[in-house]
Amino acid sequence: MAQLTYRDAIRAGLEEALRSNPEVFIMGEDVGAYGGSYAVTKGFMEEYGEERIIDTPIAESGFVGTGIGAAIAGMSPIVEIMTINFSLLAMDQIVHIAAKARYMSGGQISVPIVIRTVSGGGNMLAATHSQSLEGWYARVPGLKVVTPSNAADALGLLRSAVADPNPVMFVEHSLLYGSRSEVPDEHYTIPFGSARVARSGADVSIIAYLRRVPISLQAAELLEDDGIDAEVIDLRTLLPLDTQTFIDSVHKTNRAVVVEETWEFGGFAGEVIAQINEKAFDSLDGPALRVGGANVPTPYSRPLELLTIPTPEMVADKVRSLF
Amino acid sequence: MAQLTYRDAIRAGLEEALRSNPEVFIMGEDVGAYGGSYAVTKGFMEEYGEERIIDTPIAESGFVGTGIGAAIAGMSPIVEIMTINFSLLAMDQIVHIAAKARYMSGGQISVPIVIRTVSGGGNMLAATHSQSLEGWYARVPGLKVVTPSNAADALGLLRSAVADPNPVMFVEHSLLYGSRSEVPDEHYTIPFGSARVARSGADVSIIAYLRRVPISLQAAELLEDDGIDAEVIDLRTLLPLDTQTFIDSVHKTNRAVVVEETWEFGGFAGEVIAQINEKAFDSLDGPALRVGGANVPTPYSRPLELLTIPTPEMVADKVRSLF
Amino acid sequence: MSTSIDSTLPRSELLTMLRTMKLIRRFEERSAEHYGRGNIGGFLHLYIGEEAVAVGVISPLRDDDKIVTHYRDHGHALARGMDTAACMAELFGKSTGVSGGKGGSMHFFDVEKGFMGGHAIVGGQLPLAVGLAFANRYRGEDSLVVCFLGDGAVNEGEFHESMNLASLWNLPVLFLLENNGFGMGTRVERASAQPVIHRLADRHNVRSHREENGQDVFAVREAALDAIEYIRDGNGPYFLEVMTYRFRGHSMADPIEYRQQHEVEPWLELDPIKLLSDRLLANDLTTADEINAIDEDVENEVNEAIQFALESPFPKPDELYSDIYA
Amino acid sequence: MSTSIDSTLPRSELLTMLRTMKLIRRFEERSAEHYGRGNIGGFLHLYIGEEAVAVGVISPLRDDDKIVTHYRDHGHALARGMDTAACMAELFGKSTGVSGGKGGSMHFFDVEKGFMGGHAIVGGQLPLAVGLAFANRYRGEDSLVVCFLGDGAVNEGEFHESMNLASLWNLPVLFLLENNGFGMGTRVERASAQPVIHRLADRHNVRSHREENGQDVFAVREAALDAIEYIRDGNGPYFLEVMTYRFRGHSMADPIEYRQQHEVEPWLELDPIKLLSDRLLANDLTTADEINAIDEDVENEVNEAIQFALESPFPKPDELYSDIYA
Ligand SMILES: Cc1ncc(C[n+]2csc(CCOP(=O)(O)OP(=O)(O)O)c2C)c(N)n1
Ligand SMILES: Cc1ncc(C[n+]2csc(CCOP(=O)(O)OP(=O)(O)O)c2C)c(N)n1
Ligand SMILES: [Mg+2]
Ligand SMILES: [Mg+2]
């Protein structure tokens with residue numbers, strides 16, 4: 001087992017894909033000469049050549065659509081959208097072509113593209129650069145949406161993403177790139193739709209994804225002092241969603257709190273709560289609750305920005321309200 | 001009281017706005033010479049002139065952004081996006097500028113634009129032309145999202161939209177245009193964030209918006225035969241959301257079913273269910289449930305398409321499952 | 001309008017072109033009839049009047065070339081040799097349709113024939129075509145991609161993004177603009193500050209040309225051949241603007257109140273099918289009898305297609321959930 | 001590079017231009033320092049090297065004209081006469097900032113001064129500028145809108161949509177392209193099939209011009225004056241491309257590994273501030289002492305701004321929820 005950063009785990013997965021299949025290429029803004037705005041593809045252009053590591057103009061709809069077209073032609077593009085905010089400019093291509101071409105063609109087409117992008121706030125980048133929009137994609141039939149919270153998952157899920165014959169949105173969190181975790185040496189993959197029990201506990205199920213997983217684990221530690229034994233579930237993929245794992249957990253703990261970074265109102269947590277209502281209502285000792293981001297455009301000013309993002313304390317407080 | 005169609009009620013509201021304020025103009029694809037693809041603005045160009053009824057090129061980002069700019073300059077644009085599907089091409093302008101300019105400027109700017117658009121399926125228009133995407137906008141702080149289910153509400157809400165100093169997405173349903181209802185003769189407005197009890201009942205709260213309101217009312221009639229007295233709540237606006245009205249209803253009926261047309265997975269119903277969990281959990285005799293559209297890209301073929309859209313029977317069945 | 005005949009083509013091929021154009025015409029006339037009867041729903045965008053474009057451009061393509069188009073796609077599909085009955089069945093929403101009944105009029109697909117779809121979001125097909133051509137170039141294949149678009153689509157930003165990418169990366173794609181003068185009810189001049197549209201592509205350093213005689217299938221074919229040769233020689237993308245006219249409304253729902261009969265009539269005179277058959281007759285390449293036989297043959301084919309469509313089953317309910325994921 | 005001086009300008013105004021350029025420079029150098037100290041966060045995109053553009057274009061504007069720009073907006077803000085201390089306070093995230101601390105470096109606003117925002121989504125400011133100009137025309141006002149953009153932004157579809165709309169509707173907007181050779185780490189030639197960018201606007205029938213001497217504030221000003229006159233005369237939009245260079249990285253996070261020192265050095269020679277002060281000295285319009293006094297004055301102003309920013313309060317927690325709705 002090696003200790004790898006989230007960034008290096010993703011790099012490893014990308015290099016593996018590049019080496020094993022000549023029809024894999026990486027395309028995006030400043031992925032080449034600049035090295036990627038989060039340095040994920042640094043050095044790749046030198047190593048794999050300009051034919052395969054392709055700097056694009058700033059034209060999200062154009063180059064994402066190009067990737068989709070290449071995927072439809074049977075290639076395996078890995079397209080980077082610098083941040084998920086900018087993905088709105090490519091949403092037409094993603095939602096109307098990548099997600100639907102197979103269905104509309106009666107199954108004649110497949111779209112094996114991986115779209116890597118970066119979500120989340122916490123970098124003082126203000127309202128247009130701090131959004132967590134993965135939940136929008138997670139509701140589009142035909143797409144898959146992957147949200148790794150740590151290095152080992154990132155690598156295992158990236159392998160599955162590259163192998164998947166469907167369009168996959170692979171969503172990373174900018175504040176996780178430097179985080180480290182144990183990554184197995186032997187080859188492994190993590191199938192989509194398999195949530196992970198990140199910590200097992202008996203009293204409450206905390207359900208999270210992306211950067212809210214380590215935050216929830218910290219909350220669980222805080223809760224130990226209150227004698228509350230929290231289970232933390234990492235959803236790992238939002239679409240497909242592994243409902244069974246968290247439903248089983250709620251059956252056991254009888255309490256649920258869903259945590260995410262995006263605006264609380266209308267967030268993906270609502271889906272999880274709806275599922276819990278439908279499938280585990282009788283197990284609930286109290287309402288299924290949630291902790292999301294503040295319902296505001298993200299402010300630049302640090303003290304305000306900090307108020308927009310769920311902290312371990314906020315999660316712990318919400319859990320405590322159930323006891 | 002006059003019987004008006006939904007279309008004519010909206011026409012009346014638009015004409016009122018055009019007549020009362022010379023800085024109101026209507027802009028969009030084929031709103032002028034063609035008369036609007038749903039004939040809502042038919043004859044307007046002749047009546048109000050090409051300066052105020054403006055046919056645009058097919059360039060959603062460009063002309064919606066133009067409307068936003070004109071609104072920031074203090075005008076009162078009413079911009080039509082032919083259908084909400086095409087709004088994805090303008091999403092950057094709506095989400096990143098209209099919704100955030102006020103906040104990012106520290107309150108210096110306001111954006112009094114009304115963006116009218118058409119949502120929903122049921123016309124055999126297949127996957128790219130049948131989506132109900134209003135829930136995406138309903139989670140963006142800075143926007144308001146209006147979803148009238150009948151002629152009287154459409155007029156009252158449109159008046160409020162035109163008067164509102166904020167960006168309003170005014171979402172119509174294509175299959176409602178021909179529907180008629182009583183519209184008061186005297187001037188009235190309907191404030192945003194005021195849900196309507198469309199039918200009062202004692203046994204279950206059916207919560208809906210847009211075209212699922214008449215469908216839910218039909219479900220309520222079916223349920224009479226089962227001796228179930230359903231209350232139907234019309235949310236009318238998704239953002240702001242009047243939670244109080246449906247929470248009060250659930251306190252009374254102890255049961256809730258949320259109905260919407262969009263893909264069930266990740267839909268706006270999740271928000272309503274989360275609110276019910278948080279604020280009315282102890283009143284619930286059973287889980288808060290939902291009926292949404294099938295989680296598929298909408299197929300063209302009529303028999304398949306019909307399976308994607310919640311019917312009165314489906315709503316009634318879901319309600320029955322709670323008894 | 002010239003009355004001469006492209007001499008490089010054998011008589012049989014000339015007649016095939018005529019037949020294909022007639023097939024498209026009758027297919028659509030009968031579709032309109034069945035739309036009226038409720039057998040076909042949704043939007044139905046007729047190609048009537050523009051047949052010379054599809055046939056002129058598609059007839060010289062190779063089997064390994066690919067086609068991407070917009071929602072007004074029946075003409076392109078039939079010109080590509082897609083099965084008439086399966087096309088009709090698609091309009092009827094039947095499981096035997098070219099897209100299994102799931103796509104409908106706007107979304108014809110036939111991957112075996114390199115027909116990569118009708119696409120219904122204006123401009124959305126352009127990046128897709130760029131991507132298909134990107135794959136060709138990456139793989140060193142010499143096949144090309146034809147991307148049909150309308151005059152209205154050029155005002156979408158995706159148009160320019162695609163021109164720039166195709167040009168920058170020297171991709172083998174033929175952008176084929178069907179300039180029929182209108183995007184829905186809006187005239188080109190009211191929508192585009194640059195109404196000579198191919199000049200926009202030219203400015204992205206995409207080789208471009210406008211073919212004025214879009215109702216003349218030979219003129220279109222000549223222009224297409226030039227473009228195809230240019231692309232196959234590895235010179236990168238080509239933009240061909242063809243001037244044509246939509247004889248009918250934008251879709252069946254269009255009341256067509258935005259144009260006057262006196263504008264339409266001269267165009268109706270330029271019926272591409274009439275032009276071609278008159279020339280074949282004038283050059284003694286066919287006879288009235290032979291044309292009648294073609295008409296009958298086409299009528300039979302369309303009748304059989306309708307019969308097939310009527311008799312075919314609708315998709316079974318469980319097909320609702322198939323084809324979402326591979 | 002010319003050594004003459006624009007003779008129409010009074011000496012005082014020449015010195016004001018020099019002072020403004022120096023103010024921008026020092027404001028940013030000191031911002032970078034405070035970024036390093038953690039007093040400023042997020043992205044910080046420095047304008048250093050491009051000062052002649054902002055000052056050359058903005059100095060001839062009227063008070064009722066409006067400005068829209070991108071995230072690299074400090075130079076435009078200061079050139080427009082926005083309060084230096086309030087600009088610095090914005091960078092520090094303080095409630096006294098030009099956007100109440102909510103916008104930060106990329107989102108400076110001052111509506112009183114017609115400064116309608118820095119905008120951080122590349123290309124997103126263009127339709128906005130078109131809309132502001134639309135309002136001017138609708139109201140019959142003769143004021144105009146200046147919209148700054150970068151060479152990278154022209155590859156976004158919104159660029160073309162905006163050119164077309166502004167041209168089609170004859171709107172009073174000056175598109176001011178700061179061509180600094182790069183979008184982040186990507187050279188213009190690697191991103192644009194048409195690297196002479198103004199030609200793209202021209203093709204939408206927007207009058208256009210490229211000013212090669214973007215480091216020469218007089219040249220920029222002359223070019224801007226021509227454009228402004230054209231627009232005020234009711235001729236519609238104008239596109240002015242100005243060639244300049246970004247002396248620093250794209251943002252503070254940029255390791256700048258994509259360009260070599262030998263490329264950068266000739267540009268550093270063309271420092272717009274040095275060019276201007278040398279010419280003023282050469283033409284006896286100022287003295288070394290006077291320039292020293294300006295430097296000192298600017299230093300004081302920036303020091304005071306920093307002091308103000310440091311001492312200003314952060315927004316109060318409840319301000320999180322203000323300014324979302326009007
Ligand atoms: C993004 C988008 N906006 C609007 C529409 C509605 N619409 C469908 S076809 C059309 C006109 C297109 O005109 P053109 O490109 O000239 O093609 P033609 O129909 O003339 O063949 C419009 C506005 C759409 N489908 N997609
Ligand atoms: C839609 C979008 N895509 C990507 C980015 C990331 N980004 C910010 S600035 C920039 C480069 C812009 O270059 P240019 O327009 O030349 O302006 P310059 O920075 O050189 O002044 C990029 C890619 C963004 N902010 N928005
Ligand atoms: Mg057209
Ligand atoms: Mg640049």
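Numbered from 1 within each chain, the chains take letters A, B, ... in sequence-line order.
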*Check each atom of C:A191 against the heavy atoms of chain D and say whether the ones under 4.5 Å are side chain, backbone, both or neither.*
backbone

Taking only distance into account, so ignoring hydrogens and angles, what donor-acceptor contacts under 3.5 Å exist between chain D and chain C?
unit_1, atom_1, unit_2, atom_2, d
D:N155, OD1, C:N164, ND2, 3.1
D:G157, N, C:E161, OE2, 2.6
D:H160, ND1, C:H160, ND1, 3.1
D:E161, OE2, C:G157, N, 2.6
D:N164, OD1, C:A193, N, 2.7
D:N164, ND2, C:N155, OD1, 3.1
D:N164, ND2, C:A191, O, 2.9
D:A191, O, C:N164, ND2, 2.9
D:A193, N, C:N164, OD1, 2.7
D:A193, O, C:N205, ND2, 2.8
D:Q194, NE2, C:R203, O, 3.1
D:R199, O, C:R203, NH1, 2.9
D:D202, OD2, C:R203, NH1, 3.1
D:R203, O, C:Q194, NE2, 3.1
D:R203, NH1, C:R199, O, 2.9
D:R203, NH1, C:D202, OD2, 3.1
D:N205, ND2, C:A193, O, 2.8

*Please name all residues satisfying side chain to side chain contact (heavy atoms under 4.5 Å, CB included) with C:A129, sequence neighbours left out, ordered by chain then number.*
C:V68, C:V145, C:C147, C:V173

